[in-house]
Every structure is written in C-alpha cells, then in structure tokens.
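Just below is one structure, and these are the notes that go with it.
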There are 2 protein chains.
Amino acid sequence: MRNDIHTNGAPVLCISCEARDRGVCGALETSQLVELSKSSSRHRLAQGSEVVGECETIEGYSNVLSGVVKLTKTLPDGRQQIVGLQFAPDFLGRPFGKESDLGIEAATEVLLCSFPRSTMERLLEQCPALEKRIFLQTLRELDEARQWMLTLGRKSASEKIATFLLLIARNADPTAAYQHPICFDLPLSRSDIADYLGLTIETVSRQLTKLHADGVIDVHNRRVVISSLERLLSVAGN
Amino acid sequence: MRNDIHTNGAPVLCISCEARDRGVCGALETSQLVELSKSSSRHRLAQGSEVVGECETIEGYSNVLSGVVKLTKTLPDGRQQIVGLQFAPDFLGRPFGKESDLGIEAATEVLLCSFPRSTMERLLEQCPALEKRIFLQTLRELDEARQWMLTLGRKSASEKIATFLLLIARNADPTAAYQHPICFDLPLSRSDIADYLGLTIETVSRQLTKLHADGVIDVHNRRVVISSLERLLSVAGN
DNA sequence: CGCGGCATTGAGATGCGTCAAATGCGGTGG
DNA sequence: CCACCGCATTTGACGCATCTCAATGCCGCG
C-alpha cells in the first residue's frame, strides 16, 4: 500500500473516494482506513441484479460509490413497494445483525465498495465515531422514510410525480441545481417509479405527459428537463 | 433517594418501571440511573395535547410509560399523515440535535418520564450502551416505517384496516395475544386511524362495519373483539 | 426485417373521496 | 330525571381519480 505524504497515507483507492469525506469512511483514522481497505473489494453490479434477497443475512457491508440502489418490500401476491433509494455515498448494510425483510436491488448499474462483516464489526467496536456516522445515516433514512409516508398516504398522483422529480433532481447533481433549466436522467424505469410512488406505470406515464402538456417539464424516455421549477414546486405541494 | 438492598439501589420510581428493563434505562448502571432520576420528572398529558410542535427544538427526552403517542406530518393545506405510533416503553426524542419536522401528540392520555437535554447528552457520552439502545430502537422504527410504507402504497382500504387492527392487537396486550377471542380498545379515534392509514374517516368506518358484517370482528365505539383471527390475517394479506 | 422490452395512449370499470344527512352517546343544565 | 346540545361516528348518494385491460408506438438487437 502506497503511502503518499499529501494524503496522510490513505490507501490509493480511497484518496478520491466520495465515501471518504461524505460517507462513513470519513469517521476512520488513516490507520483504520488502511486496515479496512485491505479487506475491501469493489463490485460492479448490472442493472436489476439483486444485492441480497429478502430475509437472507447480508454477507457484508458496502458503500454505494455510484448508481442507485433500491430497497423493496413485497406482498405475497407480488405487489411491490420501493421503501428507499440509496445514492452515493450511502452506506448499505445493517449493523447488529438481524437484517430486516428487505429486497436490495441495483436500480441502475451500481459500483459498490464492500467489506466483510467481521472486519466491519471489529472496527465498529474500536471506533465509536464510525458507529455514530452510521447512526446519523440511519436517522436520516428514518426522516426520509417518514417524509415519504406523507407522500404515499396523502398526496395525489400528480403531486407524487412532482415530488419524485424534485427528489431525483436534488440527488442527481447537487452542483447543477442552479443551472436553468435543470435537466437529468431518471435512474428508475417507469415500473420502478410506480413502485416507489404506490401507483401504476400507466398513471406515472399519464402524469408525466400531463406535466409536459402543462409546460412544466420536457420528457423523452428517461431524460427530463425541468422547464419551470417554480411550477413543479407548486405541483409538489410543499 | 432511597437505596433499597433488594433492588441494588435503584431509585424507587424506577424499580417497577417498564423502561428499566425493556426501555432505554435498561442500559444504565445503577449509579447512572440514580443520577438520571434526580433530574427526571413525570408528566401526565391529556389526550390531544402536543408534546412538541413541528420544527421546534424538543426541550428534552422522554420515555413513554403509558398511553400512545402519535408522530405526524402535515402538508401546508392541512392534510395530515401519522408516520409513527409510540407505545410504552418507547423512547421519545432525537439524539444529536436537529429534530426533524415532526408533530408529536398524545393520542390517548399519556404518562411520560422526561429528562433534560443536558443530562441525557452527558449520559450518552459516558455510556455507549445507552447510545446503542437508542440506535437499536431507531433501527426498529425504520423497519416499522418501511413496513408501513408498503401498507400505505400498495394495500387496499380493507387490507389497511385489517393490518391496523392486528398492529394494535399485538401492542395492546402481548400477554393477552393467546386469549380467544382477542379483544382490546382502540387507542385512536376514527380520524387518527384515517390519518394513519391514508384514508378518510368515512372509509375507515365503512371498512370496520364491513369486517363486522363479514363476521370477522365486533366493534362498538372503540371496543374491538376479533372473532376470527384467521380471517383477519387473511384480509390483511401478509 | 422481425422480435421483445419498455413506454404511451385509450376506453371502461371501480374503489375511494366528497358532501350531506342521520344516528348515537356523553355531558350539562333546567 | 329528562331535554337539549355538541361531537364522534355511521350511512347514503354521487363523482372522480386511479386502476385495469387492451392496443399501439418506439427502439435496440439479433
């Protein structure tokens, strides 16, 4: 492992890694980072591939380096709901064992940095700051889940779509947030969007064309251009 | 503060407190429990009273000793969604500052055991086991939120009602779970139930009478008797 | 060129919301 | 004790948003 004076000896792969400052790895000392990186490995997942099946024990922990991961719940008859989206540099994997009944799947092509369970757990014991980082992410996920419950339970289809577009716009490229008009690619298929919003694909499609007809957005396949952010905000209803 | 040899010197008020073994106080040493109890105070809240307004900084932390607390989200136009229910001995209050945009309200009469923010934060630093307890509760709340997202997004009105009744039945009196027929009082008004399920009060009422007509439950005001647990489970759809 | 997957569009059905009225129940005061 | 009131709940009639089912369009790939 190369030790570069300018990066305080951080592993090369970690030097430019987003997870190192904004993600959980930011909580680690350089020496701990070196240790973790020794047993970490990068994986590229194809769109649609399953990270871990429902109810299975997760084989390890990961950072999302790029792409979007969806967390799903499914009823016995097949109806599905996406209960969370993870973007880079989110942390994936549940501490203290006992994975909940979740499907974890790549919504786009995804790049992961994974660690074995044992290494992570050893570090967790050594390093309270790491546990706190993960705790903070969990609190954020709880906030997001509850915010989405409001959307699922109380918003109309058009409000849901607008809310979703704004969510993606914010995550797609925060630096581009002040470009006008804002444009980005949807990381989800119509079917995934429907599963996220508790709608059908037909309703999703119709609402998108309606927003287009009203001059609020442009849509072509997955490409979205927000023509009027102001009006999109007002449709979203908050 | 009385020190009783049979309880290892735990404060009298804590001796029979549910939060001491099942709640977060279970993580504390006796000496810490004594310290915490010195600055703790019990409050009785009337039904409908607000614990802390949306966006306000919570003035402290609490354990729910009895009753049900609802966590709510509200849209600018007044539409409301209940995003969580807290039963005894759940912990109330968000560590690490920055309360999320939540309304916290007593759904029934509620008994709280509250601590000032400063005491709690000092203990949190001293006692990693306490932080871990709260972390574990947060993980549980996240699971519950996501489970409820599936209910909100993908279940029909009758499935929602059945799911809700089973949820309350499990929380009302776990020891009574094997009595047949199971009976309990709903801790929520029709309006609260509607806000929890993302429905209107009329739909809630109609679905309850339909379940009654189908011989699955008996309802009179808030009293519920589950005549056929098996059928209720099958209506809930999971 | 033709096939398969994804998305759009249309027509019809329906579950749930809306609005309005009736019912029941507890509390208060005469 | 009873009459009255206010509030929560139930019930009914109707409309509409969304779902369902089906057809069509679009595009990449063999």
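Predicted, not measured: the structure shown is a model, and the values here were computed from it. By convention in this document, chain letters (A, B, ...) are assigned in the order of the sequence lines, proteins followed by strands, and residues within each chain are numbered from 1.
- One atom, CD1 of B:I193, and another, C1' of D:dA8, lie 12 Å apart when rounded to the nearest Å.
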Completion exercise
Expected string for nucleotides 25-30 of chain D under the B/S/- scheme (protein heavy atoms, under 4.0 Å, primed atoms plus P, OP1, OP2 as sugar-phosphate) is ------
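- Rounded to an integer number of Å, the gap from B:R190 CZ to C:dC25 C1' is 13 Å.
- Take A:S205 and apply the side chain to side chain donor-acceptor pair (under 3.5 Å) test, not counting sequence neighbours, and it matches no residue.
- For the side chain to side chain donor-acceptor pair (under 3.5 Å) test, no residue two or more places apart in sequence or in another chain qualifies with A:S189.
- As a whole-Å value, the separation of A:D192 CG from C:dA7 P is 9 Å.
- Put simply, the side chain of A:T72 does not reach to within 4.5 Å of the side chain of A:Q81, judged on heavy atoms.
- Among residues two or more places apart in sequence or in another chain, the side chain to side chain donor-acceptor pair (under 3.5 Å) test is passed with B:D143 by A:R94, A:S100.
- In this structure, A:L152 atom CG and D:dT18 atom P are separated by 13 Å, rounded to whole Å.
- One can place NZ of A:K210 at 15 Å from P of D:dC16, the figure rounded to the nearest angstrom.
- Taking atom CG of residue B:L186 and atom C1' of nucleotide D:dT10, one finds them 15 Å apart after rounding to whole Å.
- Applying the side chain to side chain donor-acceptor pair (under 3.5 Å) test to A:E18 and every residue at least two apart in sequence or in another chain returns A:R22.
- Between A:Y61 and A:F91, the two ring planes are parallel [angle under 30°; tilted spans 30° to 60°].
- The list of salt bridge (charged side-chain N to carboxylate O under 4.0 Å, His left out) pairs with a residue in residues 217-234 of chain A, not counting sequence neighbours, reads A:D185-A:R223.
- Counting to the nearest Å, the C1' atom of D:dA17 and the CG atom of A:L197 are 15 Å from each other.
- With sequence neighbours excluded, no residue forms a ring pair (Phe, Tyr, Trp, His ring centres under 6.0 Å) with A:F184.
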Distance-only donor-acceptor pairs under 3.5 Å for side chains of residues 146-153 of chain A, two or more places apart:
residue : atom : partner : partner atom : Å
A:R146  : NH2  : B:E141  : OE1          : 2.9
A:Q147  : OE1  : B:K73   : NZ           : 3.0
A:W148  : NE1  : A:Y196  : O            : 2.9

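- For the contact set between residues 156-168 of chain A and DNA chain D, defined by any heavy atom under 4.0 Å, the members are A:S156, A:A157.
- Listed by first and then second residue, the salt bridge (charged side-chain N to carboxylate O under 4.0 Å, His left out) pairs involving residues 76-92 of chain B are A:E159-B:R79, B:D77-B:R79, B:D90-B:R140 (not counting sequence neighbours).
- For the helix from C:dC1-D:dG30 to C:dG30-D:dC1, the end axes, each set by the C1' atoms of five terminal pairs, are bent relative to each other by 20° (nearest 10°).
- Summary of the strand contacts: B:R154 and B:T209 both lie near DNA chain D, and taking for each the nucleotide with the nearest heavy atom, the more 5' one is attributed to B:T209.
- For residues 199-207 of chain A, proximity to DNA chain C is found at A:E202, A:S205, A:R206, defined as any non-hydrogen atom under 4.0 angstrom from a strand atom.
- Between B:V69 and B:I104 there is a side-chain heavy-atom pair separated by less than 4.5 Å.
- Between B:L208 and B:R190 there is a side-chain heavy-atom pair separated by less than 4.5 Å.
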Practice task
Assess whether salt bridge (charged side-chain N to carboxylate O under 4.0 Å, His left out) is satisfied between A:K70 and A:D195, documenting all intermediate values.
Solution key: CA-CA 10 Å; A:K70 54 183 183 179; A:D195 284 349; over 6 Å; no
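- The CD atom of A:Q47 sits 12 Å away from the C1' atom of C:dG5 (whole-angstrom rounding).
- Side chain to side chain, B:T163 and B:K155 meet the donor-acceptor criterion of an N or O pair below 3.5 Å.
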